[in-house]
Enquirer: 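My questions will all concern the structure given below.
Atoms within a ligand are numbered from 1 in the order they appear, just like the ligands themselves. Owing to the predicted nature of the structure, the values given are computational and were not obtained by experimental measurement. The first residue of the sequence shown is numbered 1, and numbering continues consecutively from there.
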Amino acid sequence: MDPMDAGMRYTPKSSDRDWDQAVTFLPATDSTKLEKKKGPGKIAAIIGVVVFACVVALMTGLLVWHFHYRKDEKIMKMYSGSMRITNQPFLDTYEDSNSTEFKALAKQVAAQLRDIYTKTPALAKFYVDSTVQAFSQGSVVAYYLSEFHVPKSQEAAVDNAMSSMNDPINKAQRSFSDPTGSLFYDSVVASAVDSRMLMKRTIQRVSERIRPGHPITVKSPGFPDYPYPSNSLVQWQFRADPNSVIQLDFETFNLEGECKNDFVKVYDSLAAIESRVMAEKCGYYSPNNPLGFISSGNVLLVTLVTNEEGNYPGFRASVAQVVKGSRGTSCGGTLTGNSGTFTSPNYPKYYPPLTTCEWTIEVPSNMNVKLIFTKFMMSVGQPNLCLMDYVEVNGEKFCGNFSSNKVVTSNTNRMTVVFYSDASRVDRGFNATFSAFEPSNPCPDKFLCNNKRCISTSLQCDGWNDCGDSSDEKNCKCSSSMISCRNGLCKPMFWKCDGVDDCGDRTDEMNCAACKPGEFVCGDGKCISEKQKCDGRNDCSDNSDETDCGKAAPCPQSNYVCKNGQCISKQNPECDGENDCKDGSDEDCGDCGKQPYKTSRIVGGQDATEGEWPWQVSLHIKNSIHVCGASIISDRWLVTAAHCVQDEGATRLSQPGSWDVYLGLHTQKMLEKAEKRSLKKVVAHPNYNAYTYDNDIALMELDQPVTFRDSIRPICLPSAAYDFPVGKTVWITGWGATREGGSGATVLQKAQVRIINSTVCNSLMNGQITSRMTCAGVLSGGVDACQGDSGGPLSSSSGTRMFLAGVVSWGDGCARRNKPGIYSTIPKFRAWIKEVTGV
Ligand code: 4AZ
């Protein structure tokens with residue numbers, strides 16, 4: 001119906017007619033007055049008439065708008081709901097919407113709904129009709145769509161009335177009411193349909209019955225040969241036997257990265273009832289970041305919604321029936337012994353809704369219990385309130401996400417852990433380990449943090465917040481290699497005057513005046529005259545002015561070699577604005593590494609400014625989504641990670657034709673603004689090791705050279721001798737996940753991390769660091785590269801330029817405490833890059 005026709009019309013009343021007459025009694029028609037007052041009087045009268053007429057016209061217009069249009073503006077509201085019919089046996093034919101039985105029961109349910117709505121004053125006037133979409137077993141659950149035409153001003157009242165049908169009081173009133181004498185019902189739930197699902201050009205509904213021991217495979221339309229259709233709604237309804245649940249595992253999931261455009265929604269229901277939504281997902285999930293769900297009952301609904309734009313491959317998933325209480329769905333119990341591990345149900349996939357589990361941990365009687373959550377992701381409504389899903393440990397509730405280990409201890413040898421998930425919104429849950437400790441010695445041979453964590457004593461007073469609450473950095477006596485901050489903290493000396501307030505009270509950034517031109521900077525920071533260098537006297541306290549004086553050939557490996565063979569002992573002389581080589585080759589750098597738009601997720605990052613990282617490249621699988629980053633090193637060549645270009649089954653990522661390359665891209669939403677290229681060649685490092693990620697570097701040649709501009713420009717390549725010192729602040733950039741297990745960023749993210757000592761890193765990473773790997777991160781956690789950032793740059797500034805220090809390679813999760821990101825060290829590959837590219 002035309003909404004304009006649906007409501008009240010404006011009918012003139014008698015008082016309105018009086019308005020018309022009033023217009024005829026205007027003083028301007030009094031000719032005698034006009035004769036007496038000539039000139040200005042006449043003009044004033046005319047103006048008066050015109051103004052009065054305008055006011056009347058305006059008021060009439062406003063009245064017409066108010067009564068005719070504004071009040072009548074109605075919107076169509078669709079509510080999706082379910083009700084349980086308690087006095088009907090389930091018939092198999094109810095699963096077929098064309099069967100006579102289905103139609104008969106659907107008619108009864110529709111009549112029942114009409115009765116409910118017409119007895120509810122807030123709904124009666126606006127109700128249009130209901131259609132039953134499906135039935136499921138248990139006794140019989142009916143799923144329906146109800147349509148209302150609601151004046152805009154009443155929308156909230158109608159929403160309230162519909163959601164209050166879920167209230168226990170209303171349920172009790174309605175239970176067992178029965179207008180026709182044939183239907184008894186309870187458990188009515190309803191909520192407004194997600195408006196993005198309405199008005200789609202194509203709608204497809206699939207209904208599948210899952211049999212025990214016979215999992216089925218479902219695919220988005222066209223998968224894997226074509227992208228999924230645009231502007232579509234596809235729904236898969238899955239039913240299983242009573243007392244079973246449904247396990248949905250996405251084997252491949254590759255949708256547009258922006259959920260407001262294309263998304264998959266999974267419901268713990270057969271209808272798209274928002275109060276039963278388990279998750280809304282978009283973007284890319286790789287097999288090592290599995291996306292899987294379990295229903296709470298014997299039904300599950302998957303919806304795929306797409307908008308006009310974006311061509312993405314879609315998904316393939318397996319759907320299986322699982323007996324309730326079997327592995328993945330069961331949880332809780334008694335845990336004994338000195339230590340152990342347990343997880344939320346279905347971990348690391350998503351836990352089922354409407355689940356409560358209780359574990360009792362019991363350790364030997366003279367010991368207490370320590371529980372460490374190594375992963376914790378519980379869907380939140382309002383942080384801290386824990387009104388939705390939560391874990392309760394000895395009565396204290398925890399919810400939301402912890403990016404680093406959370407430790408909870410008990411004062412006795414027992415601990416109770418309760419896991420609770422409500423009817424909607426699920427997450428990955430938790431992984432926890434418990435251990436027994438002696439109350440008098442909670443951290444044997446370790447340092448006890450205030451937050452109850454135990455850390456290695458060697459991490460105490462090392463300048464890093466290893467505990468997470470800085471308690472390991474308090475009351476320290478700083479060694480000579482540390483800065484003594486005024487607030488009592490110690491920080492490594494190499495953080496002095498680096499532009500970052502490491503102490504927190506700026507002590508480390510005081511007295512940092514740089515040496516003047518013509519002065520030499522001593523190793524200890526002192527400034528001496530350039531003339532005092534190599535004069536035979538120790539003018540710097542550390543003799544640094546007398547080292548590297550008049551070195552003769554051969555050139556040590558740590559020195560820079562000019563094009564003409566000259567050996568330069570100065571650290572990192574290339575592109576530093578000073579001519580160090582006689583042939584000027586150290587300054588032959590073009591515009592590399594310059595950031596025309598520099599201002600100043602990646603996890604713990606922020607949006608980059610557009611054009612701030614002009615060498616950053618987004619690598620898309622052809623006609624699909626972003627999967628890796630890369631860096632421009634010349635007008636033809638890019639550097640990325642070798643692990644990004646490994647074949648994955650049928651996806652031949654080692655082939656140049658499998659890629660779309662976006663240069664000068666800022667947001668993944670505006671690919672059209674970027675320069676899109678194809679590739680001519682992909683060369684992975686010949687010694688790349690897929691198990692250890694050693695030599696994780698690859699080169700890509702563009703099909704056509706690119707013309708540099710402000711937003712597309714190469715990063716400077718460091719020489720083989722270039723040193724990126726420990727502690728140096730460097731930048732990571734990319735469109736990767738903004739939290740571990742999360743989806744990619746739309747806008748390019750940037751974050752600052754620091755180079756980490758390789759020996760420390762190797763012990764943190766269990767001996768997996770080779771000499772071709774650089775570690776960088778924030779050891780207290782929270783800032784890191786993550787999935788999707790791989791192949792992208794680790795950029796390090798020197799003067800006014802940025803140098804490529806590394807290529808994002810791997811890590812143990814993302815942004816975890818004491819787990820830095822690992823990067824392929826560019827200087828180690830300088831000769832190979834030259835050999836392959838000539839750059
Ligand atoms: C990845 O999967 C990945 N935290 C990249 C970087 C890191 C972890 C994972 C570093 O591409």
Enquirer: Check contact between D789 and ligand 1, using heavy atoms of the residue and a distance below 4.0 angstrom.
Expert: no
Enquirer: Is the contact between D812 and ligand 1 made by the side chain, the backbone, both, or neither, using heavy atoms and a 4.0 Å cut-off?
Expert: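 Neither part.
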Enquirer: If you measure SG to SG, does C449 sit under 2.5 Å from C467?
Expert: yes
Enquirer: Which is it for M700 and R636 under the side chain to side chain contact (heavy atoms under 4.5 Å, CB included) test, yes or no, and what are the steps along the way?
Expert: CA-CA 8 Å; M700 291 176 153; R636 278 176 185 278; over 6 Å; no
Enquirer: Would the SG atoms of C592 and C716 measure under 2.5 Å apart?
Expert: yes
Enquirer: Heavy-atom distance to atom 11 (O) of ligand 1: which of G777, G629, S790 wins?
Expert: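 Residue with the shortest heavy-atom distance to the ligand atom: S790.
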Enquirer: Is the shortest distance from a Lys or Arg side-chain nitrogen in K680 or D703 to a carboxylate oxygen in the other one below 4.0 Å?
Expert: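 Here K680 does not pair with D703 in a salt bridge, since their nearest N and O are not under 4.0 Å apart.
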Enquirer: Of the backbone atoms (N, CA, C, O) and the side-chain heavy atoms from C-beta on, which set of C786 has a member under 4.0 Å from an atom of ligand 1: side chain, backbone, both, or neither?
Expert: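 The answer is the backbone.
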Enquirer: Quick check: C814 and ligand 1, any N/O pair under 3.5 Å apart?
Expert: no
Enquirer: Does any N/O atom on W810 come nearer than 3.5 Å to any N/O atom on ligand 1?
Expert: no
Enquirer: Could you point out which residue of Y312, W659, Y662 forms a ring-ring contact (aromatic ring centres under 6.0 Å, His included) with H620?
Expert: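 Output: one option passes, namely Y662.
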Enquirer: Report the residue from K819, R816, R428 that forms a salt bridge (Lys or Arg N to Asp or Glu O under 4.0 Å) with E740.
Expert: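 Of the listed residues K819, R816, R428, the salt bridge (Lys or Arg N to Asp or Glu O under 4.0 Å) partner of E740 is R816.
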Enquirer: Heavy-atom contact check, 4.0 Å cutoff: does G813 meet ligand 1?
Expert: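 The answer is yes, since G813 has a heavy atom less than 4.0 Å from ligand 1.
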